[in-house]
*Asks:* 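Take this structure, written in structure tokens, and hold onto it; I'll ask about it next.
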Amino acid sequence: MKQGTATVIKNTGKDYLLSELPVWKPFPAVIRGKMRLKGLHTTNPVAVGDIVEYEAEDEPNAVAAITKVFPRKNYIIRKSVNLSRECHIIAANLDRACLIVTLDFPETKWPFIDRFLVTCEAYKIPVTIILNKTDLYGPEFDDLKNYFIKVYGEAGYEIKETSVWKNEGIDELRHFINTGGLTLLSGVSGVGKSSLLKAIDPSLDPKISEISLSTLQGRHTTTFYEIYPVTGGGYIIDTPGIRGFGLIDMSSEEVSLYFPEMLRVMDGCRYRPCTHTHEPHCAVKEAVDRGEISPERYNSYLGMLEEETKYRQAE
Ligand code: GDP
Ligand code: ZN
């Protein structure tokens, strides 16, 4: 019998693939017995990115047994589509997230971006915005693009501009991922996620296409997540369906903590807790009025509050 520590690199239902990273040598594993994590009702007790302890018989093709999950530094979850309060852990131990967005072709909706950013803040995952297809934004987009960069830059986010077609910003993005650790790549369909991945590391192409295809065909089945090694260093996890990638168990008072520009000023609010909606002498609303917090971001905030309230009332 041998024992070791490894990282979960793939999770397909009850089956797992592990590798002793940084060594890339995947081997199969299953969970032995019941493994329940305290306080978290999840459909998968072990997720991609988890660092686990395993045992395996000393024979070729032995399937290892996961015996322990080490504490996670962070994780992201998706609410179950059904109404059971279960959630599914998409990935654990992320070092950064990159959200790929486009101003047009297709237009990434700002509330969607904000929701993603809030989720990352809540899970303590540093996030970078990748503004792709910059080759398409002619002079008529100058105002919008500058405003976008101002809003998200001032909120506190790093924005990297890329164009796969013009091969701009690609080396920089590759270096960023090559710095190591696990990078989550996300973006709505059409923003150029597959094209970017292929440009960053052509060896990822067939694998990624394969997974995209299988998710298309298997829409109604479980979505599987997988980690890929990137040539030059680092690992990526591609999340095809992030529609349900959501906030969970967040109180109304909590939401504004995840808007960095609101967090910076909310000490000045007269009322505690302040929802920054109707209260007098609210520092957040005053910052919106002065133009220091963008109306778009503030509207996203209001939308999230509303959704949270609805969600709570439905319970
Ligand atoms: P995904 O759905 O996010 O994986 O997007 P794809 O990589 O499939 O790209 C969607 C479309 O956008 C394809 O037609 C790509 O050729 C195109 N595309 C991707 N990146 C760029 C870019 O930087 N500039 C332009 N003009 N088109 C791009
Ligand atoms: Zn306030």
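Note that ligands are numbered from 1 as they come in the structure, with each ligand's atoms numbered from 1 the same way.
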*Asks:* Provide the number and element of each atom of ligand 1 under 4.0 Å from a heavy atom of Ser163.
*Replies:*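 Those atoms are 23 (O).
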*Asks:* Under 3.5 Å between some N or O of ligand 1 and some N or O of Val164?
*Replies:*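 Among all N and O atoms of Val164, at least one is under 3.5 Å from an N or O of ligand 1.
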*Asks:* Test your reading of the model: is there a side-chain donor-acceptor pair from Lys133 to the backbone of Phe105, 3.5 Å cut-off?
*Replies:*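 Side chain of Lys133 to backbone of Phe105: a pair is present.
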*Asks:* Regarding atom 28 (C) of ligand 1: of the candidates Trp165, Phe105, Tyr137, which has the closest heavy atom?
*Replies:*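 Ranked by closest heavy atom to atom 28 (C) of ligand 1, first place is Trp165.
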*Asks:* Have a look around the Zn ion (ligand 2) and list protein N/O/S atoms under 2.8 Å, or say none.
*Replies:*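 Within the sphere that stays under 2.8 Å of the Zn ion (ligand 2), the protein atoms of type N, O or S are Cys269 SG, Cys274 SG, His276 ND1, Cys282 SG.
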*Asks:* By the definition side-chain hydrogen bond (donor to acceptor under 3.5 Å, both in side chains), identify the one residue from Tyr152, Tyr301, Tyr258 that meets it with Asp114.
*Replies:*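 Considering Tyr152, Tyr301, Tyr258, a side-chain hydrogen bond (donor to acceptor under 3.5 Å, both in side chains) with Asp114 is found only for Tyr152.
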*Asks:* Could you identify the single nearest non-hydrogen protein atom to atom 2 (O) of ligand 1 and state the distance to 0.1 Å?
*Replies:*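 For atom 2 (O) of ligand 1, the nearest protein heavy atom is Gly190 N, 2.7 Å.
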*Asks:* Heavy-atom contacts with Asn132 under 4.0 Å: which atoms of ligand 1 show up? List them by number with element.
*Replies:*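 Here the atoms of ligand 1 in question are 20 (N), 21 (C), 23 (O).
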*Asks:* Quick one: does ligand 1 sit under 4.0 Å from the side chain of Val191, the backbone, both or neither, non-hydrogen atoms only?
*Replies:*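 The answer is both, backbone and side chain.
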*Asks:* Can Arg115 be said to sit on top of Phe112's aromatic six-ring, NZ or CZ under 6.0 Å from centre and within 45° of the ring axis?
*Replies:*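 No cation-pi geometry.
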*Asks:* Between the main-chain N or O of Leu94 and the side-chain N or O of Asn74, is there a donor-acceptor pair closer than 3.5 Å?
*Replies:*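 Confirmed, Asn74 side chain pairs with Leu94 backbone.
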*Asks:* Within the side chain of Lys285, is there an N or O that forms a donor-acceptor pair under 3.5 Å with the backbone of Glu279?
*Replies:*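 Yes; judged by distance alone, with no hydrogens or angles, the pair exists.
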*Asks:* For ligand 1, which part of Asp135 has a heavy atom less than 4.0 Å away: the side chain, the backbone, both, or neither?
*Replies:*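 For Asp135, only side-chain atoms sit under 4.0 Å from ligand 1.
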